[in-house]
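Below you'll find the structure, written out as structure tokens, and then a few comments.
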2 protein chains.
Amino acid sequence: MTSPAPTRRRDAARTRQLLLEAARARFADDGYAATTVRDIADDAGVNVALISRYFRSKEGLFEACLTTAVDEMRRAAGSATLAEVPQRIAEQAAGIDSGGIPQRLVLLLRSSGDARADEIRIGILRSYADNLATLAGWTGDDDDLLLRAQIAIAASLGIAMLRSKTRLEPLASAGAQELVDPLSDLISGLLERRA
Amino acid sequence: MTSPAPTRRRDAARTRQLLLEAARARFADDGYAATTVRDIADDAGVNVALISRYFRSKEGLFEACLTTAVDEMRRAAGSATLAEVPQRIAEQAAGIDSGGIPQRLVLLLRSSGDARADEIRIGILRSYADNLATLAGWTGDDDDLLLRAQIAIAASLGIAMLRSKTRLEPLASAGAQELVDPLSDLISGLLERRA
DNA sequence: CACTGACGTCAACAGGCGTTTACATCCACC
DNA sequence: GGTGGATGTAAACGCCTGTTGACGTCAGTG
């Protein structure tokens with residue numbers, strides 16, 4: 001049993017990961033500007049200076065949070081049929097994975113003022129909307145359908161935002177179970193072409 | 001011609017108003033934490049110290065922005081039928097009043113960390129959702145319908161947010177005209193009871 | 001075992017923040 | 001027409017921010 005190093009006292013990769021997780025939570029909950037590097041370092045249980053060492057700057061750390069969140073979202077996306085979409089959105093918005101997934105969604109709406117972060121953000125949004133529009137039968141020449149898909153994405157983000165930032169009941173405490181039916185009606189009302 | 005004072009060199013009410021408008025724009029665009037009192041004062045063309053004088057603090061100024069925005073929204077609300085709701089939402093989200101209305105919507109999602117501001121925010125959200133649910137036939141005993149109304153509100157806020165914070169086309173540039181049809185389908189899909 | 005590079009700590013810095021204080025200036029009223 | 005309160009100004013304060021540099025300390029290698 002020469003396991004490589006389950007918990008080394010000094011482990012750069014682990015420290016990086018701890019910082020990333022703490023930062024994602026803080027950025028998603030409080031926003032970029034309201035979050036201090038000392039908050040993040042304390043949450044992660046590491047020294048403040050290591051943020052600059054591993055991520056160059058606070059902005060670099062935010063960008064790293066955004067790109068890893070986007071990567072994970074892309075990986076988790078997979079293909080689906082239009083009928084399955086509401087279930088997916090409900091799961092993500094409800095945060096069936098405790099704490100992880102809705103954080104990524106809310107993070108998408110957080111702005112650091114950095115231009116590159118904005119590009120990352122808008123890139124994933126566009127790709128999600130294009131995907132959804134394609135599932136609804138979009139062939140690239142129907143701007144109205146794309147608009148409708150983007151509205152559906154906006155609705156999902158709005159739900160995630162409201163759930164994480166307010167205690168508006170029953171929305172704030174609704175589980176994926178209770179969200180999927182309304183979301184199905186929302187999506188189908190928005191995207192199913194009536195002949 | 002002893003007109004009272006069209007433009008006095010010193011006018012507390014006018015200064016207060018200038019500060020409120022500048023602050024609302026900044027808070028909505030950049031968020032509470034990222035906005036500095038010097039930014040606001042410069043935009044308004046007044047001295048920084050006057051913020052403390054007229055609003056006690058930056059937080060007091062934010063709260064004042066929120067309450068006046070809420071007042072204006074309540075005044076503009078009026079009664080409507082369920083069929084008219086999409087048009088109203090489309091106008092607000094599109095910002096038919098250039099710059100004014102969507103600012104108020106986005107402001108609702110901005111957080112200052114102040115508890116009282118949170119209460120104001122959630123109060124107006126709840127009242128909007130209750131209103132919408134009532135229009136859809138809510139009698140107070142159907143939590144699912146209220147949930148659906150809250151989802152509709154969340155969707156509206158998500159659209160306003162995405163429009164003001166990203167350049168996701170065609171959504172970002174869509175006018176009220178182009179938004180009203182999709183919104184009608186969204187609302188009716190979500191709220192119209194199928195027997 | 002000594003050494004070297006990676007990893008972590010500490011303290012300080014320069015700048016920006018919100019706020020306050022002391023002081024000018026204006027305007028309405030007696 | 002002076003006087004006092006209202007309005008605006010300027011500078012400074014103390015605090016907190018992100019970042020950095022110099023300094024310990026650990027772990028793997030020869």
Side-chain angles (χ1 to χ4, degrees), chain A residues 2-24 26-27 29-66 110-114 116-117, chain B residues 1-24 26-27 29-65 110-114 116-117:
Chain A
T2 57
S3 64
T7 38
R8 297 203 307 166
R9 304 240 294 277
R10 299 184 158 210
D11 185 337
R14 185 180 123 89
T15 301
R16 254 189 76 104
Q17 190 59 28
L18 286 174
L19 280 173
L20 268 177
E21 288 167 9
R24 176 191 292 180
R26 281 279 183 178
F27 285 144
D29 285 351
D30 305 335
Y32 178 82
T35 300
T36 72
V37 290
R38 286 174 175 84
D39 288 340
I40 299 173
D42 287 353
D43 286 357
V46 308
N47 193 280
V48 203
L50 297 180
I51 289 180
S52 296
R53 188 198 290 281
Y54 288 127
F55 298 96
R56 206 196 71 237
S57 67
K58 181 191 181 185
E59 211 159 43
L61 175 55
F62 179 75
E63 209 176 291
C65 287
L66 210 54
R110 294 305 194 175
S111 179
S112 76
D114 179 35
R116 189 161 33 194
Chain B
M1 280 289 283
T2 58
S3 64
T7 38
R8 298 201 306 167
R9 302 241 294 278
R10 297 183 159 213
D11 185 337
R14 186 181 122 88
T15 302
R16 253 189 76 101
Q17 190 59 30
L18 286 173
L19 280 173
L20 268 177
E21 288 167 10
R24 176 191 291 181
R26 282 279 184 177
F27 285 144
D29 285 350
D30 303 336
Y32 179 81
T35 299
T36 72
V37 289
R38 286 173 174 84
D39 287 340
I40 298 173
D42 288 352
D43 286 357
V46 310
N47 192 283
V48 203
L50 297 180
I51 289 179
S52 297
R53 187 200 293 282
Y54 289 127
F55 299 95
R56 205 194 73 237
S57 66
K58 181 190 181 186
E59 211 159 43
L61 175 55
F62 179 75
E63 209 176 290
C65 286
R110 294 306 194 175
S111 180
S112 76
D114 179 34
R116 188 159 36 195

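Hydrogens, waters and symmetry mates are skipped; everything else that's a heavy atom, side chains included, is used. Residue numbering restarts at 1 for every chain, and letters A, B, ... go by the order of the sequence lines.
- Here the side chains of B:F55 and B:L19 are in contact, with some heavy-atom distance below 4.5 Å.
- Picking from C:dC17, D:dT25, C:dT19 the nucleotide with the shortest atom distance to the side chain of B:S57 gives C:dT19.
- Which of C:dG8, C:dG18, C:dT25 sits closest to the side chain of B:R10 comes down to C:dT25.
- Look at CG on B:D39: it is 12 Å from P on C:dG16, rounded to the nearest Å.
- If you measure from atom CG of A:D11 to atom P of D:dA27, you get 11 Å, rounded to the nearest angstrom.
- Summarising the geometry, the separation between CZ on A:R56 and C1' on D:dG18 is reported as 13 Å, rounded to the nearest angstrom.
- Atoms CG (B:N47) and C1' (C:dT25) sit 13 Å apart, rounded to a whole Å.
- For B:K58 and B:Y32, the positive end sits near the middle of the six-membered ring, less than 6.0 Å away and at most 45° from its axis.
- Among the heavy atoms of the strands lying under 4.0 Å from B:Y54 are primed sugar atoms or P, OP1, OP2 only; no base atom is included.
- Position along DNA chain D of the nearest nucleotide to A:A33 versus B:A49 favours B:A49 as the more 5'-ward residue.
- Note: CG (A:D42) to P (D:dG18) measures 12 Å, nearest angstrom.
- B:Y54 has its side chain within reach of B:T15: a pair of non-hydrogen atoms, C-beta onward, lies under 4.5 Å apart.
- In this structure, B:R53 and B:K58 both approach DNA chain C, and ranking their closest nucleotides by distance from the 5' end singles out B:K58.
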Using the rule given for side-chain contact (heavy atoms from CB on, under 4.5 Å), can you reason through B:L20 versus B:L61, listing the C-alpha separation, both sets of side-chain angles and the distance that settles it, and then say yes or no? CA-CA 7 Å; B:L20 268 177; B:L61 175 55; 4.2 Å; yes
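- Atom P of nucleotide C:dC27 and atom CZ of B:R14 are separated by 13 Å, given to the nearest angstrom.
- Each of A:R38 and A:L50 has a nearest nucleotide on DNA chain C; the 5'-most of these lies closest to A:L50.
- At C:dG8, one or more side-chain N or O atoms of A:T15 fall inside 4.0 Å of OP1 or OP2 (strictly under the cut-off).
- A:T36 comes within 4.0 angstrom of sugar-phosphate atoms only, judged by non-hydrogen atoms across all strands, and of no base.
- In this structure, the CZ atom of A:R26 is 15 Å from the C1' atom of D:dT17, given to the nearest Å.
- Checked by atom type and distance alone, the side chain of A:R16 never pairs as donor or acceptor with a backbone atom of A:D11 at under 3.5 Å.
- Atom CZ of B:R16 is separated from atom P of D:dA6 by 16 Å (rounded to the nearest Å).
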